[in-house]
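Shown next, in structure tokens, is the structure this report addresses.
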Protein chains: 2
Amino acid sequence: MQRSLERVTVIEKPLLEQAEAIIKKSTSEHRGLLIVGLCEVSYRGRASSKLEAGDRIIVVKEDGATLVHRPTDYSPVNWQPPGCLLETRLQKDGLLLTAVRRRPREALRILFRRIYSISVLNLVDRGDFSLFASEEEMRDAIKADPNLVEDGLRIISIEKKVEPGFVDLYGIDGQRRLVLIEIKRKTAGKDAVLQLAKYLETIRSSTNRDARGILVAPDIAKGAQALIATLKLEFKPLSPRRCAEVLSRTKTASILDYLR
Amino acid sequence: MQRSLERVTVIEKPLLEQAEAIIKKSTSEHRGLLIVGLCEVSYRGRASSKLEAGDRIIVVKEDGATLVHRPTDYSPVNWQPPGCLLETRLQKDGLLLTAVRRRPREALRILFRRIYSISVLNLVDRGDFSLFASEEEMRDAIKADPNLVEDGLRIISIEKKVEPGFVDLYGIDGQRRLVLIEIKRKTAGKDAVLQLAKYLETIRSSTNRDARGILVAPDIAKGAQALIATLKLEFKPLSPRRCAEVLSRTKTASILDYLR
DNA sequence: GTTTCCATTTCGTCA
DNA sequence: TGACGAAGTGGAAAC
């Protein structure tokens with residue numbers, strides 16, 4: 001069939017009978033689908049939901065991942081993760097598309113009353129994706145250039161085990177004092193401060209040495225700010241952006257330079 | 001223009017020049033778009049990312065929400081939330097679609113090398129969406145029928161303020177003892193146990209009365225199980241599903257009966 | 001497999 | 001609008 005060689009094959013306003021055949025064939029061949037139509041949606045599984053009739057965009061991917069998108073909003077209103085079992089059945093009341101997953105047991109049911117268009121996809125995507133300046137990369141940036149946090153700081157270890165978990169960075173400052181660093185990618189809250197305090201307490205009692213606790217984050221919540229003062233910890237503002245820049249200079253010719 | 005009255009208007013294999021005009025018109029009119037094409041994507045903002053060339057599905061919604069989907073996986077590889085500013089520009093190297101948001105300042109750049117199809121959407125979706133048996137609804141269910149947790153239990157207040165936060169339910173059992181209830185929609189971990197223990201400690205010291213702590217959840221993690229015993233707390237298995245059923249009986253003829 | 005924690009979390013609610 | 005917690009969170013890494 002020549003059409004299947006096309007990256008996209010569009011069928012406009014198919015009868016539900018036609019749509020049934022197209023969808024069955026596409027899903028059996030593990031092809032992606034874009035369906036725009038009038039439908040009702042229900043879900044049963046980790047929770048239960050019901051979506052009354054309306055026009056929606058349904059994305060069915062090669063791996064079975066199924067998304068039901070309304071005309072607005074970022075999130076799909078209903079969905080099914082990759083690896084689910086897809087079934088299509090023409091009923092009296094419409095064309096039923098079900099996506100079932102076991103473990104957890106859950107089922108998505110899309111009942112099409114009308115279909116405006118179906119796009120059968122045959123896409124090729126081998127492009128690499130890279131994301132930077134995650135919390136881990138912030139650690140790397142600080143490790144590469146501890147001056148980001150404080151002049152004279154030296155990092156001894158990262159993700160050091162300190163009960164009851166791991167402290168992000170562990171170092172020694174210019175006055176040879178121990179420094180614990182807790183990193184947050186975004187606004188740090190009380191939890192981060194308390195976590196750091198807990199680690200600090202553990203370190204102080206186990207080493208019998210004083211230690212500084214520095215919370216590194218792009219910003220700090222008000223309540224956390226007060227806690228910082230109360231617990232005599234410190235806060236050092238540092239954005240992921242800055243870390244990405246530092247990483248781009250420190251590590252290698254960066255992909256950042258690629259981005260305009 | 002008659003075509004705009006259609007729910008879906010498909011343009012297959014447009015020249016990039018044509019695509020530019022179509023996309024500009026559609027976005028200016030706040031219409032949704034489905035674009036399938038060969039593109040490169042970059043993002044700068046809360047983090048930075050670069051996606052090399054490949055075939056993708058781009059969903060642009062009426063509210064500006066923009067999703068870049070690869071042929072597999074649930075999550076969009078890149079996106080921009082609703083309310084962003086969309087711009088289209090034809091360049092020598094392709095058709096550039098940018099979605100910019102302020103606060104946080106971030107930009108999504110999609111450079112199309114080729115476009116396989118564009119679907120201009122004109123969708124109508126007024127259907128109500130209802131999700132049930134969320135954690136909040138579990139609270140409601142237990143409040144409506146405290147026997148779900150334990151016979152003779154009476155609920156005094158919900159979301160009661162207990163430093164350092166709020167305890168889900170606050171009640172009195174058959175022996176007139178205070179009962180704190182922590183609810184989790186899914187498997188409860190140590191964090192839930194520790195949280196409950198903290199509230200319990202606060203209550204015990206502030207009221208000088210003993211109190212029971214009951215963790216209500218569909219399941220409990222192994223480590224949390226051990227903690228429960230150690231801290232002399234209690235665990236009561238209760239599924240969101242069960243809560244939904246109870247709510248359906250208690251509240252009104254349920255939407256549950258609707259499903260399936 | 002389960003547990004834990006991060007996320008360009010998103011999404012809701014509430015002060 | 002900001003802050004805080006829940007989510008059918010999803011996703012990755014650790015164990």
Side-chain angles (χ1 to χ4, degrees), chain A residues 42-49 65 67-68 73-82 84 99 101 103-108 129 131-139 159 161 164-166 168 183-192 195 218-225 239-241 244, chain B residues 41-49 65-68 73-82 84 99 101 103-108 129 131-139 159 161 164-166 168 183-192 195 218-225 239-241 244:
Chain A
S42 67
Y43 161 81
R44 284 297 290 276
R46 285 170 286 178
S48 303
S49 74
L67 314 172
V68 179
D73 302 326
Y74 161 82
S75 302
V77 61
N78 280 113
W79 70 92
Q80 200 64 281
C84 62
R101 184 163 77 135
R103 214 191 176 75
R105 176 73 184 178
E106 51 186 355
L108 177 66
F129 175 72
L131 173 73
F132 10 166
S134 61
E135 183 170 324
E136 180 179 6
E137 300 214 33
M138 290 184 71
R139 282 205 307 267
E159 280 288 317
K161 178 75 177 166
F166 293 85
D168 289 319
I183 301 174
K184 290 296 171 190
R185 268 199 107 277
K186 50 176 191 171
T187 302
K190 296 177 190 171
D191 54 339
Q195 195 173 342
D219 198 358
I220 184 168
K222 261 181 283 184
Q225 181 74 276
S239 69
R241 177 83 179 70
Chain B
V41 186
S42 67
Y43 162 80
R44 283 297 291 277
R46 285 168 287 177
S48 302
S49 74
T66 302
L67 314 172
V68 180
D73 302 327
Y74 162 83
S75 301
V77 61
N78 281 112
W79 70 91
Q80 198 65 280
C84 62
R101 184 163 75 137
R103 236 214 316 292
R105 175 73 183 178
E106 54 185 356
L108 176 65
F129 176 72
L131 173 74
F132 15 135
S134 63
E135 185 170 325
E136 180 180 5
E137 301 215 33
M138 289 183 72
R139 278 206 309 267
E159 279 289 315
K161 178 74 175 165
F166 293 86
D168 290 319
I183 301 173
K184 291 296 171 190
R185 273 198 103 272
K186 49 177 188 173
T187 302
K190 294 179 190 171
D191 52 341
Q195 193 175 343
D219 198 359
I220 184 167
K222 261 181 284 183
Q225 179 76 275
S239 69
R241 176 82 179 71

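Reckoned from all heavy atoms, side chains included, excluding hydrogens, waters and symmetry mates. None of the values given here were measured: they were computed from a predicted structure. The chains referred to below are lettered A, B, ... by the order of the sequence lines, with proteins before strands, and numbering in each begins at 1.
- Nucleotides C:dT10 and C:dC6, compared at atom C1', are 14 Å apart to the nearest Å.
- Across all their heavy atoms, B:L108 and B:Q80 have their closest contact at N-NE2, 3.6 Å.
- Applying the side-chain contact (heavy atoms from CB on, under 4.5 Å) test to A:P81 and every residue at least two apart in sequence or in another chain returns A:W79, A:R101, A:E106.
- One distance of note links CG of B:L131 with OH of A:Y43; it measures 8.5 Å at 0.5 Å rounding.
- Rounded to an integer number of Å, the gap from CD of A:E135 to C1' of C:dC5 is 9 Å.
- Between B:F129 and A:I220, the residue anchored closer to the 5' end of DNA chain D is A:I220, taking for each the nucleotide with the nearest heavy atom.
- B:A65 pairs by the side-chain contact (heavy atoms from CB on, under 4.5 Å) definition with B:K61, B:D63, B:P82, not counting sequence neighbours.
- At whole-Å resolution of the value, CG in A:L131 and P in C:dT8 are 5 Å apart.
- The side chain of B:R103 sits closest to D:dG2 out of D:dG8, D:dG2, C:dT8.
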Considering only nitrogen or oxygen atoms on both sides, find all protein atoms under 3.5 Å from nucleotides 9-11 of chain C and state each distance.
| residue | atom | partner | partner atom | Å |
| --- | --- | --- | --- | --- |
| C:dT9 | OP2 | A:R185 | NH1 | 3.3 |
| C:dT10 | OP1 | B:R46 | NH2 | 3.3 |
| C:dT10 | OP1 | B:W79 | NE1 | 2.9 |
| C:dT10 | OP2 | B:R46 | NH1 | 3.0 |
| C:dT10 | O3' | A:S75 | OG | 2.9 |
| C:dC11 | OP1 | A:S75 | N | 3.1 |
| C:dC11 | OP1 | A:S75 | OG | 2.4 |

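- Put simply, CD on A:Q225 is 17 Å from P on D:dG2, counting in whole angstrom units.
- Separating the CD1 atom of A:I183 from the C1' atom of C:dA7 is a distance of 16 Å, rounded to the nearest angstrom.
- A straight line from CE of A:M138 to P of C:dC6 spans 12 Å, rounded to a whole angstrom.
- Computed from coordinates, the B:L108 CG to C:dT8 C1' distance equals 10 Å when rounded to whole Å.
- Between A:N78 atom CG and D:dG10 atom P there is a gap of 12 Å when expressed in whole angstrom units.
- One P atom belongs to D:dC4, the other to D:dG8, and the distance between them is 22 Å to the nearest Å.
- Residues A:R139 and A:I183 share a closest heavy-atom pair of CG-CD1, 3.2 Å.
- A 3.5 Å limit on both hydrogen-bonding distances identifies no Watson-Crick or G-U partner for C:dT8.
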